[in-house]
K.L.:
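Right, I'll just put the structure down here and ask away after.
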Amino acid sequence: GINAEYGQKQKRVIFITARVHPGESPASYVCEGLMEYLLEDTPEAKALRDHIVFKFIPMLNPDGVALGNYRCSLMGFDLNRHWTDPSRWAHPTLEATKALLLPHQLSSI
């Protein structure tokens, strides 16, 4: 789409998420490595930043991670099973993430 205010083409948005299951600790290293790569002063990283907006959510289940759980949240939910209709009370990180994602879904078609 075109940004009417500036007459510029809008950048595509890519969301990167990790740690919906606390036991997926390698995902934290992958996110960190990808962020470091994208922030490097290289022509490739600059080209990516010039054309794409990257949004990172490096830990979707911080409570589960802090508790040392393997798959579930603080309240015992497997968050991957609640993307369709997350509850603000029981799955706040999913609800917030979904609120961030949905406006971009329609604008990128």
K.L.:
Quick one: CZ on Phe77 to CG on Leu94, what's the gap to the nearest 0.5 Å?
P.N.:
11.0 Å
K.L.:
Using the rule that Ile, Leu, Val, Met, Phe, Trp and Tyr join whenever any side-chain heavy atoms are under 4.5 Å apart, tell me whether Leu79 and Tyr70 fall into a single cluster.
P.N.:
no
K.L.:
Return the set of residues passing ring-ring contact (aromatic ring centres under 6.0 Å, His included) with His21 (not counting sequence neighbours), or none when no residue passes.
P.N.:
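Residues passing ring-ring contact (aromatic ring centres under 6.0 Å, His included) with His21: none at all.
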K.L.:
When you compare the side chain of Leu34 with that of Phe56, does any pair of heavy atoms fall below 4.5 Å?
P.N.:
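Heavy-atom side-chain distance check passes, below 4.5 Å.
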K.L.:
Return the set of residues passing ring-ring contact (aromatic ring centres under 6.0 Å, His included) with Phe15 (not counting sequence neighbours), or none when no residue passes.
P.N.:
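For Phe15, the residues satisfying ring-ring contact (aromatic ring centres under 6.0 Å, His included) (neighbours in sequence not counted) are His104.
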K.L.:
Given the rule that I, L, V, M, F, W and Y join up when any side-chain heavy atoms are under 4.5 Å apart, are Val53 and Leu39 in one cluster?
P.N.:
no
K.L.:
Strictly distance-based, threshold 3.5 Å: is any side-chain N or O of Thr93 a donor or acceptor partner for the main-chain N or O of Asn61?
P.N.:
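No, Thr93 side chain to Asn61 backbone: no donor-acceptor pair under 3.5 Å.
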K.L.:
Got a second to check how far Asn80's CG is from His82's NE2, nearest 0.5 Å?
P.N.:
9.5 Å
K.L.:
Do Leu60 and Met75 belong together in a cluster built from hydrophobic side chains that touch within less than 4.5 Å?
P.N.:
yes
K.L.:
What's the spacing between Leu48 CG and Thr42 OG1 if we round to 0.5 Å?
P.N.:
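Output value for this atom pair is 8.0 Å.
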K.L.:
Can you confirm whether Pro22 sits close enough to Met59 that some side-chain heavy atom of one is under 4.5 Å from a side-chain heavy atom of the other?
P.N.:
no
K.L.:
Would a 4.5 Å heavy-atom cut-off, applied to side chains only, mark Arg71 and Arg81 as touching?
P.N.:
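The answer is yes; the side chains approach within 4.5 Å.
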K.L.:
For Pro26 and Gly23, work out which heavy atoms get closest and say how close.
P.N.:
CD-O, 4.4 Å
K.L.:
May I ask you to decide if Arg49's main-chain N or O and Lys11's side chain share a donor-acceptor pair within less than 3.5 Å?
P.N.:
yes
K.L.:
Taking Thr17's backbone N and O only, do any of them form a donor-acceptor pair with Lys55's side chain (distance below 3.5 Å, no angle check)?
P.N.:
no
K.L.:
How far does CG of Asp63 sit from CG of Asn69, to the nearest 0.5 angstrom?
P.N.:
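Going from the CG atom of Asp63 to the CG atom of Asn69 covers 9.5 Å.
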K.L.:
Taking all atoms of both residues into account, what is the closest heavy-atom pair of Glu40 and Ala45, and its distance?
P.N.:
O-CB, 3.5 Å
K.L.:
Any link between Ile16 and Val30 through a network of hydrophobic side chains (Ile, Leu, Val, Met, Phe, Trp, Tyr) touching at under 4.5 Å?
P.N.:
no
K.L.:
Between Val20 and Met35, is there a shared hydrophobic cluster once you connect ILVMFWY residues whose side-chain heavy atoms come closer than 4.5 Å?
P.N.:
no
